[in-house]
**Student:** 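I'd like to ask some things about the structure below.
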Amino acid sequence: MTRMRNGEGVPTSLRFLEEGGQTGREILAYPWSDTPLGPLEEWPVSLRTTLATMLACPAAMFLAWGPEGISFFNDAYRPVFGDRLRRALGARFREIWADLWEDIGPLVDAALRGESVAQRNLPLLMDRYGVPEESWWSFTYSPVRDDAGRINGMICVTAETTAEVLAERARRRSDERLEMALSAGGSIGIWDWDVAADRVTADPRFAALYGVDPEMAAAGAPIAAFFSGVHPDDLPSLKASIGAVFGTGGQFDAEYRLVQGDGSIRWVAAQGRCTLGEDGTPRHFPGVSFDITERKRIEQALRDSQDRFRGIINSVDQMIWSTRPDGYHDFYNERWYAFTGVPAGTTDGEAWNGMFHPDDRERAWAAWQHALATGENYQIEYRLRHRSGLYRWVLGRAQPVRDADGRIVRWFGTCTDIHDRKLAEERQAFLLGLNDRLREADEPQAVTLAAAATLGAHIGVARAGYGEIDETGEIVRVERDWTRDPSVPSLAGASRILDGFGPAVIAELRAGLTLVVEDCYADPRAGHDYAATWDSIGCRSLVVVPLIREGRLRAILYLHEPKPRVWRAEEIGLVEDVAQRVGHAAERARAEQAERANARELRLIADSLPVLIALFDADGVCRFANAASADWFGAAPAESVGQTLAALIGPADFAEARPRFESARAGRDVRAERAWPRRDGSPRIADIRYLPRPMPDGSTDGAYLFVTDISDAKRIEAMLEREVGERTRERDRLWQTTNDLMGTAGLDGHLRSVNPAWGRLLGWSEQELLERPFLDFIDPEDHAGTGAVLARLAGSDQITDFVDRILSKDGRRRTVMWTAVPESGCFHIVGRDITDQRLAEEQLRQAQKMEAVGQLTGGIAHDFNNLLTGIIGSLDLMQTRIAQGRIDTLERYAGAALTSAHRAASLTHGP
């Protein structure tokens, strides 16, 4: 049998597949003979048993069987696949979840090694519906063994916990069978207690239970002998029960533990009747004791199993319920009551229908009645009343449990809170639509208006807008906004001072906190004065999301309502999400706008350059060309784009250009010069450069081509070469013919080059000058000054008019004036022989000295002659007066003569 359809020919052993919901029927119809598992009827019992258990389970389960990890799952698991569902059944587990293997692969390996793996709220990035989405999952992986007891697969029990990431889910498999310990026997012992005589007689079985010697028990022993075997913890209550029946007489029932000789514990049940005497004292107390150890073990195992079952049922995030075959609800787990908030038992029977949203009640009830009538699995999404009074979306599932004859004996169902998922789906659809609108907008103002209009209409507010903060951080301006209808005033084009809305609320925005106000008049952050400002613009309740960039408030996205409003958490979260998106989209639009402007500017610049600029892709097809392409390619830029390089320059030239293009495409910079005639045939020389076009991953994608007309540059270069050659020859003639000493010296004290004037002036050969330190050729008296000059040259100082004396080969000294210029560890020197000049200057100084002496002598003689005239004149007057006999004035004439004589003496002796 390869496959089965519609239950035809299904043996009893495979009926569980037919009853296993849609997935069970798909398993029946699958062509398993073409897989490593082979036909259904040959599957091992362990696989069928595991599948039966999994298909009947209301929780989502997945089975990977065999070395290939062939996939099976139940109906509850189907939504987990998303778009993968159509190829999931029978596929390899690793192939189905290849994108998650890095996260779950090690866990699967651990399960196949025999380990039980449990994960709680594991984050997984899943692509179930064509869009990557973050999700969280709580699941267990458990090894599954084949008929031989070997691990041959892995079973997964899972539930998505995305809606409540912090909620915990521990999925534990309960024991499938109770481990039963067989008792050594179920003996019943008989006893008879003569209370007055304190003597208990008992049969051997009673004696064996209580650890008393059978012969002593048969003969009679005090009650204390039998009490010694009672567990110390149970003895007080046993004695209290006996004491009670002693006071009243009548029936006695008790259960307690007995400590056996080997230390083991056995439970017994004692039943008897106490007979009182006429005086009310106990006389006779017969009874039986029977071993109930096995019953106690079964009861304890049952309690443990029930505790485990309740623990599992109450630990999952799903609401679990059960009904009788007729659909009467008689069981709900704790999660149901925690979710609904109703008292226990109030939703039994048909009362659960009152928990549905009125709009969903008829539809959900009809689906349930159909499932009861047909025995088909029940699955529907509806809104269920939450304890908060709000309605939340849940996924209701149920499937029947049948007996061996196929009769439904019970229904088990679950309600999974999918409200967050539904909201997330709506949110995702909204955001996808918003993203489409934002992508269509190519200007920042169009982006913000599209976001405001889409968000405002979706949430249902009076006004929505986007405002940008100026550089001072004090003023907000709204370029364009959206309003619900014309009655709502627009704030577009208005600028407002932020602090006018209240320092407290603006401080929150500057701190990056979303501002949520339900009623500005009741909100202490606004206060009555600022609330009036808000109310004046039709804003009594609001949500404002700040956009912070580089630590500063740059923009806000706001929603306004003219009346008080309670904002839901999901609404606030959506506004915050949209705010970030619109902020990035506006920046993107602004950047694209600037990029387009830059592109236009770059195109203008590129077209204005007298250089061919072109881009060729990896296939050699032109993707860009500037206006110069008309001159070089003979085709306008629009005509050049789309053509190959070979077509643009011709096959012959392409044969030469191809190796250069290939080198550039391989990542190398290539440059060449060649003749490239103008369109009119006149000659032209082109400088051609190919640059690789780098990609972000380091590879190259084509090459840039730059072509420059260097014909004029080549002509100028030739002229310069001729001029440089002529100047070089002139310099060489000067080097050879000048009488100035020219050369190069190092800071190490050696000459490196000298011109012929050195030999002509000093008599030393070039070899002698270069081999010896140049201090050997300098007068020793000038060594100190030369050393100081070398120090200045080492410090990069230029030297001019430095004079020292150079020794010629014949021993004479030549006076030389030097100019020295340092350069890269050496210095260039030019020295001029000023020996004859210095000699002439010395002779000139001597002549000038003699001339000065002569001038000085003449002056002195003139002055002396003048003084003698005074002396002689005075003597002549004295002589005349003596001759006249007039001697009264002689003293005056003698004084004048004496004064002139003293002055004459001062001319010769100095002061």
Side-chain angles (χ1 to χ4, degrees), residues 3 5-6 16-32 47 50-65 69-100 104 124 126-131 133 135-141 153-163 169 171 316-320 364 367-368 370-371 374-382 393-401 411-422 424-425:
R3 68 178 76 179
R5 297 184 182 273
N6 301 322
F16 72 91
L17 294 175
E18 185 181 15
E19 299 166 357
Q22 182 178 352
T23 306
R25 293 189 291 274
E26 289 178 359
I27 294 174
L28 273 174
Y30 194 85
W32 296 105
L47 174 56
T50 305
L51 282 177
T53 303
M54 180 181 72
L55 292 172
C57 183
M61 297 182 69
F62 183 96
L63 171 65
W65 182 265
I70 294 177
S71 300
F72 296 94
F73 47 89
N74 62 3
D75 283 356
Y77 195 88
R78 297 172 74 88
V80 176
F81 286 118
D83 294 340
R84 311 172 204 237
L85 176 61
R86 61 181 180 277
R87 56 187 176 88
L89 185 62
R92 298 175 186 270
F93 182 44
R94 181 165 185 164
E95 294 176 356
I96 286 295
W97 296 115
D99 56 327
L100 303 180
I104 68 175
L124 295 174
M126 301 180 67
D127 188 350
R128 292 187 287 182
Y129 300 101
V131 178
E133 57 177 311
S135 60
W136 285 263
W137 299 83
S138 292
F139 57 87
T140 60
Y141 286 166
M154 178 210 75
I155 193 165
C156 168
V157 181
T158 186
E160 184 175 0
T161 59
T162 304
R169 177 182 179 190
R171 184 79 173 177
V316 298
D317 287 334
Q318 291 173 310
M319 293 168 273
I320 298 178
W368 176 236
H370 176 78
T374 61
E376 296 177 358
N377 287 350
Y378 169 75
Q379 179 168 322
I380 189 172
E381 293 180 358
Y382 52 82
W393 281 97
V394 299
L395 171 63
R397 287 197 187 106
Q399 64 182 42
V401 177
W411 286 83
F412 284 97
T414 61
C415 292
T416 305
D417 186 344
I418 60 170
H419 189 74
D420 291 337
R421 193 197 79 190
K422 291 285 280 189
E425 290 173 353

**Student:** Which heavy atom of Phe73 sits nearest a heavy atom of Ala88, and at what distance?
**Tutor:**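 Nearest heavy atoms, Phe73 then Ala88: CE2-CB, 3.9 Å.
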**Student:** Salt bridge or not for Glu160 and Arg421, using N-O below 4.0 Å?
**Tutor:**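 No, no charged N to carboxylate O under 4.0 Å.
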**Student:** Ignoring hydrogens and geometry, is there a side-chain-to-backbone donor-acceptor pair from Ser71 to Leu89 under 3.5 Å?
**Tutor:**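 Checked: no pair found.
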**Student:** Determine the minimum heavy-atom distance between Arg87 and Glu95, stating which atoms define it.
**Tutor:** NH1-O, 4.4 Å
**Student:** So how far is it from Met61 CE to Leu55 CG, rounded to the nearest 0.5 Å?
**Tutor:** 9.0 Å
**Student:** Check Tyr129 against Pro79 and note the closest heavy-atom contact, atom names and distance.
**Tutor:**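 That closest heavy-atom pairing would be OH-O, 3.7 Å.
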**Student:** At their closest point, which heavy atom of Arg86 faces which heavy atom of Asp83, and how far apart are they?
**Tutor:** NH1-O, 2.8 Å
**Student:** Using a 3.5 Å distance criterion without hydrogens, assess whether the side chain of Thr161 forms a donor-acceptor pair with backbone atoms of Trp136.
**Tutor:** yes
**Student:** If only side-chain N and O atoms count, and only distance matters, is there a donor-acceptor pair under 3.5 Å linking Arg397 with Thr416?
**Tutor:** no
**Student:** Do you know which two heavy atoms are closest between Cys415 and Tyr382, and how far apart they sit?
**Tutor:**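 For Cys415 and Tyr382, the tightest heavy-atom pair comes out as SG-OH, 3.3 Å.
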**Student:** Return the CG to OH distance between Leu85 and Tyr77, rounded to the nearest 0.5 Å.
**Tutor:** 11.0 Å
**Student:** Is it the case that the side chain of Gln399 and the backbone of Asn377 share a donor-acceptor pair, with hydrogens and angles ignored and the cut-off at 3.5 Å?
**Tutor:** no
**Student:** Roughly how far apart are Thr23 OG1 and Leu28 CG, rounded to 0.5 Å?
**Tutor:**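 Answer rounded to 0.5 Å: 11.5 Å.
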**Student:** Within the side chain of Trp32, is there an N or O that forms a donor-acceptor pair under 3.5 Å with the backbone of Ile27?
**Tutor:**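 Between the backbone of Ile27 and the side chain of Trp32 there is a qualifying donor-acceptor contact (under 3.5 Å).
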**Student:** Considering all heavy atoms of both residues, which atom of Asp420 and which atom of Asp417 are nearest to each other, and what is their separation?
**Tutor:** N-OD1, 4.4 Å
**Student:** Quick one: pull up CG in Leu63 and CG in Leu51 and give me the separation to the nearest 0.5 Å.
**Tutor:** 5.5 Å
**Student:** Answer with yes or no after comparing the ring centroid distance for Phe139 and Phe62 against a 6.0 Å cut-off, counting only values under it.
**Tutor:** no
**Student:** Using only atom types and a distance under 3.5 Å, with no angle test, would you say the side chain of Asn74 pairs donor to acceptor with the backbone of Met54?
**Tutor:**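 Yes, the answer is positive, given that a donor and an acceptor are paired below the 3.5 Å cut-off.
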**Student:** What's the separation between atom CG in Leu395 and atom CD1 in Ile418, rounded to the nearest 0.5 Å?
**Tutor:** 5.0 Å
**Student:** Mind checking whether Gln22 and Gln379 have side chains closer than 4.5 Å, heavy atoms only?
**Tutor:** no
**Student:** Does the ring centre of Trp65 sit less than 6.0 Å away from the ring centre of Phe93?
**Tutor:**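 No, too far apart.
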**Student:** Starting at CG of Leu17, measure out to CD of Glu26 and round the result to the nearest 0.5 Å.
**Tutor:**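 One finds 12.0 Å between CG of Leu17 and CD of Glu26.
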**Student:** Counting distance only, does the side-chain N/O of Arg84 pair as donor-acceptor with the main-chain N or O of Ile96 below 3.5 Å?
**Tutor:**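 Checked: pair present.
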